Novice: 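This is the structure, below, for whatever I ask next.
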There are 2 protein chains.
Amino acid sequence: MPNSAKQHNAGDLRFLKRLNRSAILEMVRRTPGMTRADIATEARLTKATVGTGVQSLLERGWLEEGELKKSSGGRPGRALYLNDGYYALIGAEVGVHGLRMVACSLNGHILDQHHEHLPPTTPEVTAQHLAECLQRLLAGPDVAERHCLGLGVAVPGPIAPGQTVLRLAPNLGWRDVPFLDLLRQHLPTLEGIWLMDNEAKAAAFGELYFRTGEIPDSLLYVSAGTGIGSGLVEGNPWPVVTRGLQGLAGEIGHTILQPGGLYCHCGNRGCAETLVSGWTLRAALGIAEEDDLYEALQPRLQDDDVQHTLKRAGQALGTLLLNLHHTQNPSEIVLGGSLTRLGPAFLEPALDYFDASQNRLLGISQRIPLRIIDDSTFVAARGAAAQVLAHAIHDPDAFGTKLSPSAAEVSS
Amino acid sequence: MPNSAKQHNAGDLRFLKRLNRSAILEMVRRTPGMTRADIATEARLTKATVGTGVQSLLERGWLEEGELKKSSGGRPGRALYLNDGYYALIGAEVGVHGLRMVACSLNGHILDQHHEHLPPTTPEVTAQHLAECLQRLLAGPDVAERHCLGLGVAVPGPIAPGQTVLRLAPNLGWRDVPFLDLLRQHLPTLEGIWLMDNEAKAAAFGELYFRTGEIPDSLLYVSAGTGIGSGLVEGNPWPVVTRGLQGLAGEIGHTILQPGGLYCHCGNRGCAETLVSGWTLRAALGIAEEDDLYEALQPRLQDDDVQHTLKRAGQALGTLLLNLHHTQNPSEIVLGGSLTRLGPAFLEPALDYFDASQNRLLGISQRIPLRIIDDSTFVAARGAAAQVLAHAIHDPDAFGTKLSPSAAEVSS
DNA sequence: TGCATTTCATTATTTCAATGAACTAATGAT
DNA sequence: ATCATTAGTTCATTGAAATAATGAAATGCA
């Protein structure tokens, strides 16, 4: 990791150069269309330094020049943009119901995506299957000609910081699986950055990092699916995912909302997941694991008992959101996962409770922006891809590839 | 703030020098007795660079040389230590029951302390009172001859990041008070760094930063007093307090533990504070605000109803700890505040619950270190002082004062 | 005791990235 | 057309760290 704190404790001139290059790149990424002069002002660097830095980033395919900006009595500056056509980022998610994978451009645009249904099976079979699908994705028309920066994999369970072992994935039946290593054995041709992260954390990162416009100081992604998890991303200008000592940060499905309540599969009583989660709803509404929760529920949505069950679950979700508000106080919340498809009967009680409660303490009217993702199929996979970019951007000279003369011709 | 990210986005040679100086200083602070050679290895700097850096830090009174280290066949290195006799850090806390203040050395040793009883009153009167006490503290025998780096103030309420306004202090009856500015008007002579932070956050910072031995990656301080608050410190080697958008991070007293439960003073129902806090216990046990909770309870500790009440409250605290474990997963937890004095009848149920529950999810036996502070009178004030040091250490040349020849003589 | 060896620390000297000042380039205003 | 203004480049200079050589102080062994 280029950011592994202790390394950056001190630095030499090369470190400084790297720092400034990545600062320039990140600034243009966040504010497309900046000119060299804008960068110099913002970064407090001289025009000369910015000039050479930008030159290098252009040569390596990170940036491209755009139109001349409107001038107000002086030479107009040249707009700079991320070169969205040169690199590719690969992201994948191992989910309970299958494998999802995407190829993204630097701006987070999805070039190609694939959803492969696969019921829970062994890590070995899963890795092999995923590797095959990724091979096809990499060979696809929009991807093959790009330079691939690396692969990020999202998994439904906690990962301790700095590790590549999935500690536990209850919904897959896995425990202590070195999934990234397994996958690499089946995909030795894919070079570059290899990362693995928890699904909600990857999603959180992607939602913050690929945001257009102002990037918030922090973002909380709440993933409500078979289980409930969250991911918090913090830090400006270099956002970082919060993991905690054992990777348990964000295991909010196992916070207690009802002391002495029902037993959870984790062994504790009254966990949030016993009140709101895919598996509790299935149990409460008598829906088999093989069936799609949304489709099975569709014809019964108007039933009183269904309405009541969804309302209770929604309220529990609202309580969970309030607790996170008063624990982590994120700048923004994004709600995703398969449960968001259950619609207003589930979501409205959650939002109503959260909206009514969030400002009581301070007695103000500021609302934390909350966004609901209707279809979060590829959110985690795309987030994992975002993490690859965030990694590469810390050392653009090392991870970037020098443009060949022909490629340079094309992009200029 | 020297760390206010956006500024450090990019840097020049002066920035690099500053970075390396503070890295050296921080390394010696964490690992007393390092030699120049040790630093060079650890920081991946050359001996030459470390040599000049150390020289400058010696001249400014940050470091001092110690004994020669034992050699194993070669020239022995010279041990380096923080110069614990040159600078002073001032910390203060505005609490519900009075003002607390400390003067610390760089290692966090308390040089002088003062506890001034003062019932809640206006910000103006409080500021004036505090200023007078601080004047006396600054003139004290162990403090006056030192160079003062600045003042940190801890207050019982949320502060939005980057602000110096106390948004709300329910237990003082304050709202939107620019307390630091008020205080400065009464204490114009005190130069250097001025900081204000929430009480639990300051305490958390101090407990992590002034720790001897290995410094954990993160630390959660839970302050259980009249209200319940927490502070999370994260980051290695530069720890940072988590605040959230509005400074509400750590307002765990207002997380819901009992949906539909009793009304809290914040207006929501079933807040943790309705189950465990000084004010709930007072209400439940019929103890007046003027009386000291601990002393009033002492003769009744064996009563069944008291035991039962304390047990219920303790269990709620345990639940709260578990929820924080599954939300933030800190490397270490420190429990402080006036309620820790209530003893085993209160604490054991909390610890028992937390110990029994914390590992169920992962199915392992690793225990999160949890320390209880019996007397946390000066913890927040000392933590505020720690924050002053953390600030100054980012630019030792700027904040340090060049040793006068006479002073240099004394310290060498 | 003498001497090679090892490690610590300091001292020139070199390297390298950012700076600053001078310069060219391109536009709008007069 | 001229000028003021802003954008971007060129190049000598500056400054901080690397490199390499030297001195210093211990250990260990003949």
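If you're wondering where the values come from, they're calculated on a predicted model, not measured in any experiment. Chain naming here is simple, since letters A, B, ... match the order of the sequence lines and numbering starts at 1 in each.
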Novice: How far apart are the closest heavy atoms of Leu57(B) and Pro396(B), and which atoms are they?
Specialist: CD2-CB, 3.6 Å
Novice: Ignoring the backbone of Ala48(A), work out which of dA9(C), dA17(C), dT19(C) is nearest its side chain.
Specialist: dT19(C)
Novice: Measure the shortest side-chain to side-chain distance between Tyr86(B) and Ser105(B) over non-hydrogen atoms and say whether it is less than 4.5 angstrom.
Specialist: no
Novice: Examine dA17(D): is either OP1 or OP2 under 4.0 Å from a nitrogen or oxygen in the side chain of Asn20(B)? Give yes or no.
Specialist: yes
Novice: In this structure, how many angstroms lie between the P atom of dA18(C) and the CG atom of Asn9(B), rounded?
Specialist: 14 Å
Novice: Over how many whole Å does the gap from Leu80(B) atom CG to dA9(C) atom C1' extend?
Specialist: 11 Å
Novice: Nearest 0.5 Å please: distance from the CG atom of Asn107(A) over to the CG atom of Asp84(A).
Specialist: 4.0 Å
Novice: Anything under 3.5 Å between a donor and an acceptor, one on a side chain of residues 74-81 of chain B, the other on a protein residue two or more places apart or in another chain? List them.
Specialist:
| residue | atom | partner | partner atom | Å |
| --- | --- | --- | --- | --- |
| Arg78(B) | NH1 | Gly66(B) | O | 3.0 |
| Tyr81(B) | OH | Glu67(B) | OE1 | 3.1 |
| Tyr81(B) | OH | Glu67(B) | OE2 | 3.1 |

Novice: Would you mind reading off the distance between Arg21(A) atom CZ and dC16(C) atom C1', rounded to a whole angstrom?
Specialist: 12 Å
Novice: I need the CG-P distance between Leu13(A) and dT19(D), as an integer number of Å.
Specialist: 11 Å
Novice: With nearest nucleotide decided by heavy atoms, which residue, Thr52(B) or Arg75(B), maps closer to the 5′ end of DNA chain D?
Specialist: Thr52(B)
Novice: Between the side chains of Thr35(B) and Asp38(B), does any donor sit under 3.5 Å from an acceptor?
Specialist: yes
Novice: Please report the distance, rounded to the nearest Å, between CG in Leu68(A) and P in dT5(D).
Specialist: 21 Å
Novice: Name the nucleic acid region contacted by Lys17(A), choosing base, sugar-phosphate or nothing; use a 4.0 angstrom heavy-atom cut-off, strictly under.
Specialist: sugar-phosphate
Novice: Does anything in residues 32-40 of chain B reach DNA chain C, meaning a heavy atom under 4.0 Å, and if so which residues?
Specialist: Thr35(B), Arg36(B), Ala37(B)
Novice: Which sits closer to the 5' end of DNA chain C, Gly73(B) or Gly51(B), going by the nucleotide each is nearest to?
Specialist: Gly73(B)
Novice: Figure out the CG/P separation between Asp12(B) and dT14(D), and round it to whole Å.
Specialist: 16 Å
Novice: Do His147(A) and Thr401(A) have side-chain N/O donor and acceptor atoms under 3.5 Å apart?
Specialist: yes
Novice: Pro76(A) has a side chain; which of dG15(D), dT27(C), dT19(C) sits nearest to it?
Specialist: dT27(C)
Novice: Measure from the side chain of Lys47(B), starting at C-beta and using heavy atoms only, and say which of dA7(D), dA17(C), dT10(C) lies closest.
Specialist: dT10(C)
Novice: Is it the case that Asn236(A) and Arg30(A) place a side-chain donor and acceptor less than 3.5 Å from each other?
Specialist: yes
Novice: To the nearest Å, give me how far apart CD (Gln55(B)) and C1' (dC8(C)) are.
Specialist: 15 Å
Novice: Report the distance from atom NZ of Lys70(B) to atom P of dT7(C), rounded to the nearest whole Å.
Specialist: 17 Å
Novice: Quick one: on DNA chain D, does Leu16(B) or Gly74(A) contact a more 5' nucleotide (nearest heavy atom)?
Specialist: Gly74(A)
Novice: Report yes if the distance between the aromatic ring centroids of His391(B) and Phe399(B) is under 6.0 Å, otherwise no.
Specialist: yes
Novice: Is any side-chain N or O of Ser71(A) closer than 4.0 Å to OP1 or OP2 of dT6(D)?
Specialist: no
Novice: Respond yes when some side-chain nitrogen or oxygen of Thr46(B) is under 4.0 Å from OP1 or OP2 of dA18(D), and no when none is.
Specialist: yes
